[in-house]
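Everything on this sheet refers to the single structure shown next.
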Amino acid sequence: MPEATARLLEQRFSPERLGPYQAAVGGDLDQAVALYEWNAKMSGVFWITLGHVEVLIRNAMHRQLTDWSTQAHGEPRWYLDPGQVLAPRRREEIAEARRRATRDGRQETPGRVVAELTFGFWRYLLISSYDRSLWPHLRNAWPSKQLRREVHNPVADLHEFRNRIAHHEPIYNRPLRELHTKALDLASWTCPDTAAWISSRCDVLAVLATRPWTARTPSAPPQRRNARYNPARPAPRR
C-alpha cells in the first residue's frame, strides 16, 4: 500500500482509531491498516452468524413465552405482561418496540413486536431475577440445559461481542474461536438442524485462518467456557 494512502486513512479514520491496531503490529502503519481491514472483514462474517443465532434464539423464546402466557393467563401476547412479572425496564423496552412496530400506520402483530426487541432484551430475560417466573418456561427452548446460567452466560458474551461489532470496535484481540463455538453451541441447543445450516454457511474460521501477525495481543475480558460445537455429536431434538 502506498504510504500516502496509509497516511490518508490514518487522517480520515483518525489516529485514535488506528492507534490500537498500530500498537498491535509494532508501530508499522501499513500493517496496522491491514489488520484494520481484516478486523472489518471478520466483523462482517461474524455479524452474519450472530444474526442467524439471534433470530433463532429470540423466536424460540417467543414461542415458549407465548405458550406459557396463553396457558397461564389466556393471553398469547406475553409482552403485554398479563402476569406482571417483567421488570419496569423490560416493559419500557416493549412499549418502545410496539411503537416502532406500528409506525407508519402498520398493524401491530406479535412478530413485528418481537422483531423490534433488541438482543439485549432477550439476554436480560435470562437473568437470575427470573429464575422462578420465566426460566421454568423458557428452559423448554433448550431441552438439554437444566441451569439458567448455562444459557445466559454464552448469550451475555455474544451480546457484548455483538455490540463491539456494531460500534466498529476492534475484535482481533477477542477469543474469536471460542465465541464462534459459543454461537454454534447456542444454535445447536435450540435446534440442531438449524445449527447445521448456520454452521455450513459460516465463514468465521476461514477468515480467522488469515489473521495478520501482531506483535502483541492486548488482554481481553475473560470469556465463559462452554462445550465445543460438533455437528456430528448427537444432540437432543426439539
Side-chain angles (χ1 to χ4, degrees), residues 44-72 76-79 90 97 101 109-127 130-131 133-163 165-166 175-208 223-238:
V45 297
F46 226 129
W47 186 264
I48 293 171
T49 294
L50 289 174
H52 292 323
V53 174
E54 177 180 345
V55 171
L56 176 64
I57 289 172
R58 80 185 186 198
N59 285 345
M61 294 175 71
H62 170 53
R63 284 192 295 272
Q64 297 303 324
L65 291 171
T66 298
D67 290 347
W68 158 68
S69 185
T70 300
Q71 294 169 14
R77 294 172 298 173
W78 59 269
Y79 53 84
R90 305 288 81 79
T109 65
R112 286 174 177 165
V113 174
V114 166
E116 293 290 348
L117 291 167
T118 66
F119 194 19
F121 173 87
W122 302 102
R123 166 191 175 175
Y124 289 113
L125 292 190
L126 294 168
I127 61 176
Y130 295 116
D131 269 341
S133 56
L134 296 184
W135 176 246
H137 313 287
L138 285 173
R139 62 175 291 184
N140 294 325
W142 304 282
S144 65
K145 300 294 116 180
Q146 299 297 317
L147 302 177
R148 176 196 52 77
R149 65 175 176 270
E150 292 181 280
V151 178
H152 170 268
N153 290 352
V155 168
D157 288 339
L158 292 175
H159 174 236
E160 292 164 6
F161 180 60
R162 177 195 183 281
N163 286 348
I165 294 176
L176 299 175
R177 189 177 298 273
E178 183 176 342
L179 288 162
H180 169 263
T181 295
K182 289 182 179 184
L184 294 184
D185 275 345
L186 278 166
S188 182
W189 300 338
T190 310
C191 176
D193 290 338
T194 303
W197 180 87
I198 293 172
S199 178
S200 70
R201 287 155 177 77
C202 178
D203 293 327
V204 167
L205 296 183
V207 175
L208 185 59
Q223 300 289 323
R224 307 174 183 90
R225 292 194 169 274
N226 287 298
R228 295 190 63 80
Y229 176 74
N230 179 357
R233 183 179 62 203
R237 293 182 178 271
R238 288 184 54 77

| field | Full working for side-chain hydrogen bond (donor to acceptor under 3.5 Å, both in side chains) between H62 and W78 | value | CA-CA 8 Å; H62 170 53; W78 59 269; 2.9 Å; yes
For residues 109-120, please give each side-chain donor-acceptor pair under 3.5 Å, one per line with the distance, not counting sequence neighbours.
residue	atom	partner	partner atom	Å
T109	OG1	R112	N	3.2
R112	NH1	Q107	O	2.6
E116	OE1	R100	NE	3.0
T118	OG1	G120	N	3.4
T118	OG1	F121	N	3.2

| field | Considering all heavy atoms, the nearest Y124-R90 contact | value | CB-NH1, 3.6 Å
| query | What distance do D67 atom CG and N140 atom CG have between them, rounded to the nearest 0.5 Å? | reply | 9.0 Å
| query | With side chains defined as the heavy atoms from C-beta onward, is the minimum distance between H152 and Y130 less than 4.5 Å? | reply | no
| Heavy-atom pair of closest approach, residues W135 and K145 | CZ2-O, 4.4 Å
| task | Compute the ring centroids of W197 and H52, then answer whether they are less than 6.0 Å apart. | result | yes
| field | Side-chain touch R162/F46, heavy atoms, less than 4.5 angstrom | value | no
| query | Say you draw a straight line from CG of L186 to CG of N153; how long is it, rounded to the nearest 0.5 Å? | reply | 10.5 Å
| request: Give the minimum heavy-atom separation between C191 and L56, together with the two atoms involved. | output: CB-CD1, 4.3 Å
| remark: Between the CZ atom in R201 and the OG1 atom in T49, the distance rounded to the nearest 0.5 Å is 11.5 Å
| Atom CG of L125 and atom CZ of R123: how far apart are they, to the nearest 0.5 Å? | 12.0 Å
| message | Could you tell me if the side chain of M61 sits less than 4.5 Å from the side chain of W142, heavy atoms only? | response | yes
| Is the side chain of S188 donor-acceptor paired with the backbone N or O of L184 at a distance under 3.5 Å, no angle test? | no
| task | Check whether any side-chain heavy atom of E54 lies under 4.5 Å from a side-chain heavy atom of L50, and answer yes or no. | result | no
| note | Exactly one candidate in L126, T190, L158, V151 meets side chain to side chain contact (heavy atoms under 4.5 Å, CB included) with I57; the answer is T190
| task | For the pair R139 and E150, find out whether any cationic side-chain nitrogen is under 4.0 Å from an anionic carboxylate oxygen. | result | no
| task | Measure across H180 and V204 and return the closest heavy-atom pair with its distance rounded to 0.1 Å. | result | CD2-CB, 3.7 Å
| query | So which heavy atom on T70 is nearest to which on P76, and how close? | reply | OG1-CA, 3.2 Å
| query | Considering only heavy atoms from C-beta outward, does the side chain of L176 approach that of F161 to under 4.5 Å? | reply | yes
